[in-house]
Amino acid sequence: MGREVRVGLIGQGYVASTLAVGVERIKAGEIPPYGVPFQDYLTDYKIKDIVFVSSIDVDEEKIGKTLYEVCKMYYPNLNIPETLKNVVVERGVHLNSAKGLPIKARGLEEDGLSLAEAVEKLVSLWEKAKVDVLVHLITTERTGRLTSWRELEEKIKRGEVKGLSASHVYFYAAMVYAETVKPVAFINSIPATLARDPVAVEAAAKRNSLVLGDDGASGATPLTSDLLEHLAERNRFVRGVVQFNIGGNLDFYALTDPARNLAKEETKSSIVEDVLGYNAPHFIKPTGYLEPLGDKKFVSMHIEYISFNGAVDELIVNVRINDSPALAGLLVDVVRMAKIALDRGYKGTVYEINAFYMKSPGPVGSKSISRIVAYQVLVDWLLRNKALEKIPRYSVHNFIQMLREYYNLQSS
Ligand code: NAD
């Protein structure tokens, strides 16, 4: 099979479809890898080594269609690569995750299978596809931490649907796959609590597998954390932070539901205290749905701070950001780094990957550092693991090397 990263997608929505189309277009040489931080710098896996081998959804409109057909629904004016005709979207478990959305959703458990049989079906699907990495991208859902692995297992065996989330059942199925087929990396790109859940991390570690997450950091939150770092480094005292998003895609529609919105608020808000070291008053959450905005969300940010001699300054930032491509580009790295980590025997979770790519990085208790710092931490991890072909221009290692050369020249 050669050098491959075999990717299974869970939730074939806007982000998953953008990821599939973008990667295949890069592979076909149609577009440069803009928006992919580590482009083709990773030693072990190039972008051309990513292969999409499985896709799962619960939307009747998508099940049975090829990835090619589903991607065409999102990008009707693009030339969708023919390679995406090889994968068909299969039915997953629903557990009410799509409740309240304007789609007709039906899961395996509503289609005559018990939950345990549904898990078996998912595992055999992934086994046939020989997945290395699963990318979790279903509609935003909020989950608590697991009390114990045994309790989750018992609930699924008893078919106790009440109180079970789709995210937990997918993660459980991934762990059964890891136990019976081969180790796997589960990339939790949504705000469900998994990489921050000690029970989930331990379950992955026991199976020589990984859970990365939680919640991809793609848009305004990483920018806010970098601005806060800028102010903190200059000892400017932040008096308050406001950041809101309004978008018109299905995920923003889903976020009009208060429980889902709370999940986002939780993963977004941790940055303030983590970066500043004190909890400045803040309002950071998705605030609205406006259909004509489509996938290109509107973000507004206001930060007020005290500078030298009591001066009060304000930062006001307004942006329109294409939501799905922002996350999809990052996932092109994460799927490859997840496989690199698996190959090198990492298990449980990897903070260095989570810290750069995720809003609320696991494991539990770890800090959400600014992305400027997280980038350096990640480069260092990649270098330690001999996984970088080239030291990126923006890396501290690069500047240190430059300084060394400079002083050597001076002294000679
Ligand atoms: P989307 O609504 O376009 O796609 C979600 C897909 O999941 C839909 O196709 C839906 O039918 C499917 N789904 C729902 N429940 C499912 C289940 N139980 N099993 C299988 N499929 C299921 O959303 P999106 O914009 O692609 O975002 C996906 C996820 O990524 C969201 O949870 C969001 O919070 C997270 N996320 C997105 C961004 C971003 O877009 N920039 C950033 C960070 C996190």
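Side chains are part of it too, since the values below use all heavy atoms of this structure and drop only hydrogens, waters and symmetry mates. Order of listing sets the numbers, starting from 1, for every ligand and every atom in it.
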So which of [options] gets nearest to [atom], if we judge by its closest heavy atom?
atom: atom 31 (C) of ligand 1; options: Asn245, Leu137, Ile138; answer: Ile138
atom: atom 18 (N) of ligand 1; options: Thr221, Asp215, Val93; answer: Val93
atom: atom 8 (C) of ligand 1; options: Leu95, Asp59, Asp57; answer: Asp57

Counting C-beta onward and ignoring hydrogens, is there a side-chain heavy-atom pair between [X] and [Y] closer than 4.5 Å?
X: Leu293; Y: Arg320; value: yes
X: Thr43; Y: Leu388; value: no
X: Ser370; Y: Ile372; value: yes

Heavy-atom contacts with [X] under 4.0 Å: which atoms of ligand 1 show up? List them by number with element.
X: Gln12; value: 9 (O)
X: Leu250; value: 2 (O)
X: Ser97; value: 14 (C), 15 (N), 16 (C), 17 (C), 18 (N)
X: Thr140; value: 31 (C), 32 (O), 33 (C), 34 (O)
X: Pro191; value: 34 (O)
X: Ile103; value: 11 (O)
X: Ile190; value: 29 (C), 32 (O)
X: Ala166; value: 18 (N)

Protein heavy-atom partner closest to atom 37 (C) of ligand 1 - residue, atom, separation in Å: Leu327 CD2, 3.6 Å
Residue and atom name of the nearest protein heavy atom (relative to atom 33 (C) of ligand 1), distance in Å to one decimal: Asp251 OD2, 3.2 Å
With the threshold set at 4.0 Å, does a side-chain nitrogen-carboxylate oxygen contact exist between [X] and [Y]?
X: Arg25; Y: Glu30; result: yes
X: Lys46; Y: Glu389; result: yes
X: Arg236; Y: Glu304; result: no

Looking only at N/O atoms, are [X] and ligand 1 under 3.5 Å apart anywhere?
X: Lys359; value: no
X: Lys62; value: yes
X: Tyr170; value: yes

Mode of Ala105 contact toward ligand 1 - side chain, backbone, both, neither (heavy atoms, under 4.0 Å): neither
Side chain, backbone, both or neither: the part of Ala326 lying under 4.0 Å from ligand 1 by heavy atom: neither
Looking only at heavy atoms, what is the nearest atom pair of [X] and [Y], with distance?
X: Asn249; Y: Ser324; result: ND2-OG, 4.4 Å
X: Phe252; Y: Lys297; result: CZ-CD, 3.7 Å
X: Gln243; Y: Asn245; result: NE2-OD1, 4.0 Å

Proximity flag Gly216 to ligand 1, non-hydrogen atoms under 4.0 Å: yes
Whether Glu141 lies under 4.0 Å from ligand 1, heavy atom: no
Qualifying residue, where the test is salt bridge (Lys or Arg N to Asp or Glu O under 4.0 Å) with Asp44 and the options are Arg3, Arg344, Lys339: Arg344
Distance-only polar pair, side chains of Glu127 and Ser124, donor-acceptor under 3.5 Å: no
